[in-house]
Enquirer: 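Let me give you the structure first, and then I'll get to my questions.
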Amino acid sequence: MSDATDPWLIVGLGNPGPEYAANRHNVGFMVADLLAERIGGKFKRAQKAQAQVVEGRIGPPGPGSRRVVLAKPMSYMNLSGGPVTALRDFYKVPTDHIVAIHDELDIDYGMLRLKLGGGDNGHNGLKSMTKSMGPDYHRVRFGIGRPPGRMQVADFVLKDFGSVERKELAFLVDRAADSVECLLAEGLERAQSAYNS
């Protein structure tokens, strides 16, 4: 069982490389980048895993602050489980102190849902994580909606956000980062009541 002194591992899911940077599938990276900026850190290569990491603290100074490792797996989405498991083992993070931030097709654009455990809903990053370490980690699900018309899901998630979506994207990424901070500081129920929409 975890306690207040255990570190948290906050994982933004996405694909490495500039060609993917603005894709819907990379919104987890976008939120992780903002969290790193907030704690004044820069991502660097992890020694023990195929990932980039930032170590720091989230929350007010004193007993309310939480030790965190922010991570972006550099393995491509469908292989995320390997780097996340390596980081979990290296930093000795209990599974219930892992948070995956990811895009979610079954939620309208910009809506958030926070939860602990559950299925992968066809998301390859979650599928890989769950296969590596079981389902009992937190998820911050960032809604991207369903593809229009007959567009294939794979094409949709690997496209950049549309021009209308981009007008709100910075605000929504900011809100998702806030929800992670709330989860760490005040727990899942409080974060759900404040941010689940």
Side-chain angles (χ1 to χ4, degrees), residues 9-39 41-54 68-88 98-113 119-133 137-177 179-180:
L9 176 57
I10 314 297
V11 182
L13 292 179
N15 287 307
E19 69 273 33
Y20 298 108
N23 288 180
R24 292 181 178 93
H25 222 18
N26 270 43
V27 75
F29 275 17
M30 296 173 198
V31 177
D33 285 338
L34 179 57
L35 286 165
E37 201 180 295
R38 288 184 181 184
I39 65 173
K42 286 228 184 309
F43 278 100
K44 58 184 191 301
R45 277 185 65 167
Q47 292 178 326
K48 303 290 182 186
Q50 193 180 355
Q52 292 184 352
V53 294
V54 175
V68 297
V69 179
L70 300 171
K72 297 192 296 186
M74 292 285 119
S75 58
Y76 290 100
M77 182 70 85
N78 60 342
L79 300 171
S80 301
V84 176
T85 304
L87 291 170
R88 177 199 68 179
I98 297 172
V99 182
I101 308 164
H102 64 92
D103 57 305
E104 177 61 64
L105 286 159
D106 284 338
I107 303 174
D108 289 341
Y109 174 64
M111 301 282 134
L112 292 176
R113 295 267 199 297
D120 57 56
N121 208 17
H123 192 288
N124 288 332
L126 297 183
K127 201 174 286 184
S128 178
M129 283 180 62
T130 297
K131 188 176 174 190
S132 292
M133 60 190 188
Y137 53 90
H138 288 86
R139 299 103 192 274
V140 173
R141 303 158 72 205
F142 186 109
I144 60 168
R146 300 296 293 178
R150 296 182 173 201
M151 187 188 288
Q152 294 297 308
V153 164
D155 295 333
F156 179 68
V157 299
L158 293 176
K159 277 201 169 7
D160 291 359
F161 284 102
S163 56
V164 174
E165 292 170 322
R166 281 199 298 272
K167 288 181 180 143
E168 285 188 289
L169 186 58
F171 166 77
L172 297 169
V173 166
D174 196 63
R175 189 166 180 271
S179 79
V180 174

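What you see is a predicted model, and the numbers here were worked out from it, not measured in a lab. When a residue number appears, it is its place in the shown sequence, counting from 1.
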Enquirer: Enumerate the residue pairs fulfilling side chain to side chain donor-acceptor pair (under 3.5 Å) with a member in residues 42-51, sequence neighbours excluded, ordered by first and then second residue.
Expert: none
Enquirer: Run the side-chain contact (heavy atoms from CB on, under 4.5 Å) test against Glu37 and tell me which residues pass, sequence neighbours left out.
Expert: Leu34
Enquirer: Just to verify, what does Leu87 make a side-chain contact (heavy atoms from CB on, under 4.5 Å) with, not counting sequence neighbours?
Expert: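 Checked Leu87 against side-chain contact (heavy atoms from CB on, under 4.5 Å); matches are Leu9, Ala46, Ala49, Ala51, Val53, Ala71, Tyr91.
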Enquirer: Nearest 0.5 angstrom please: Asp103 CG to Ile144 CD1, how far?
Expert: 4.5 Å
Enquirer: Would a distance-only check, ignoring hydrogens and angles, find a side-chain to backbone donor-acceptor pair under 3.5 Å from Ser128 to Asn124?
Expert: no
Enquirer: Side chains of Phe161 and Met30, heavy atoms from C-beta outward: is any pair under 4.5 Å?
Expert: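 Result yes, sub-4.5 Å side-chain heavy-atom pair found.
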Enquirer: Are any side-chain N or O atoms of Asn15 and backbone N or O atoms of Met77, one a donor and one an acceptor, separated by less than 3.5 Å?
Expert: yes
Enquirer: Between side-chain atoms of residues 146-156 and protein atoms elsewhere (two or more places apart, or another chain), which donor-acceptor pairs fall under 3.5 Å?
Expert:
residue	atom	partner	partner atom	Å
Arg146	NH1	Asp106	OD1	2.9

Enquirer: Taking ring pair (Phe, Tyr, Trp, His ring centres under 6.0 Å) as the definition, give me every residue that meets it alongside Phe43, ordered by chain and number, with sequence neighbours left out.
Expert: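 Ring pair (Phe, Tyr, Trp, His ring centres under 6.0 Å) check on Phe43 returns nothing, list empty.
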Enquirer: Tell me the closest heavy-atom pair linking Val54 and Ala36, and the distance in Å.
Expert: CG2-CB, 4.0 Å
Enquirer: For residues 69-81, which residue pairs pass the side chain to side chain donor-acceptor pair (under 3.5 Å) check, not counting sequence neighbours?
Expert: Asp33-Lys72
Enquirer: Which residues pass the side-chain contact (heavy atoms from CB on, under 4.5 Å) test with Ser179, sequence neighbours left out?
Expert: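 Partners of Ser179 under the side-chain contact (heavy atoms from CB on, under 4.5 Å) test: Leu112, Leu114, Val140, Tyr195.
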Enquirer: What is the minimum heavy-atom distance between Asp160 and Asn23, and which atoms define it?
Expert: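 Closest approach of Asp160 to Asn23, heavy atoms only: OD1-ND2, 2.9 Å.
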Enquirer: Can you tell me which residue pairs pass the salt bridge (Lys or Arg N to Asp or Glu O under 4.0 Å) test with a partner in residues 74-83, sequence neighbours excluded?
Expert: none
Enquirer: If every non-hydrogen atom of Ala176 is compared with every non-hydrogen atom of Phe142, which pair is closest and at what distance?
Expert: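 Looking at all heavy atoms of both residues, the closest pair is CB-CD1, 4.0 Å.
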Enquirer: Do Ile101 and Leu35 come close enough that some side-chain heavy atom pair is under 4.5 Å?
Expert: yes
Enquirer: Applying salt bridge (charged side-chain N to carboxylate O under 4.0 Å, His left out), name anything that partners Arg24, two or more places apart in sequence or on another chain.
Expert: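 For Arg24, the residues satisfying salt bridge (charged side-chain N to carboxylate O under 4.0 Å, His left out) (neighbours in sequence not counted) are Glu165.
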Enquirer: For a 4.5 angstrom cut-off between non-hydrogen side-chain atoms, does Leu126 reach Asn121?
Expert: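 They are not in side-chain contact.
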Enquirer: Looking at every heavy atom in both Leu13 and Pro73, which two are closest together, and how far apart are they?
Expert: CD2-CG, 4.3 Å
Enquirer: What pairs with Arg139 under salt bridge (charged side-chain N to carboxylate O under 4.0 Å, His left out), at least two apart in sequence or on another chain?
Expert: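 None.
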Enquirer: Can you sort out the partners of Asp174 under salt bridge (charged side-chain N to carboxylate O under 4.0 Å, His left out), two or more places apart, ordered by chain and number?
Expert: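 By the salt bridge (charged side-chain N to carboxylate O under 4.0 Å, His left out) rule, Asp174 matches Arg38.
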Enquirer: Please identify each residue that fulfils ring pair (Phe, Tyr, Trp, His ring centres under 6.0 Å) with His123, with sequence neighbours left out.
Expert: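 Applying ring pair (Phe, Tyr, Trp, His ring centres under 6.0 Å) to His123 gives His25, His102.
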Enquirer: State the CG-CD distance between Leu70 and Gln52, to the nearest 0.5 angstrom.
Expert: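 Nearest 0.5 Å value for the CG-CD distance: 12.0 Å.
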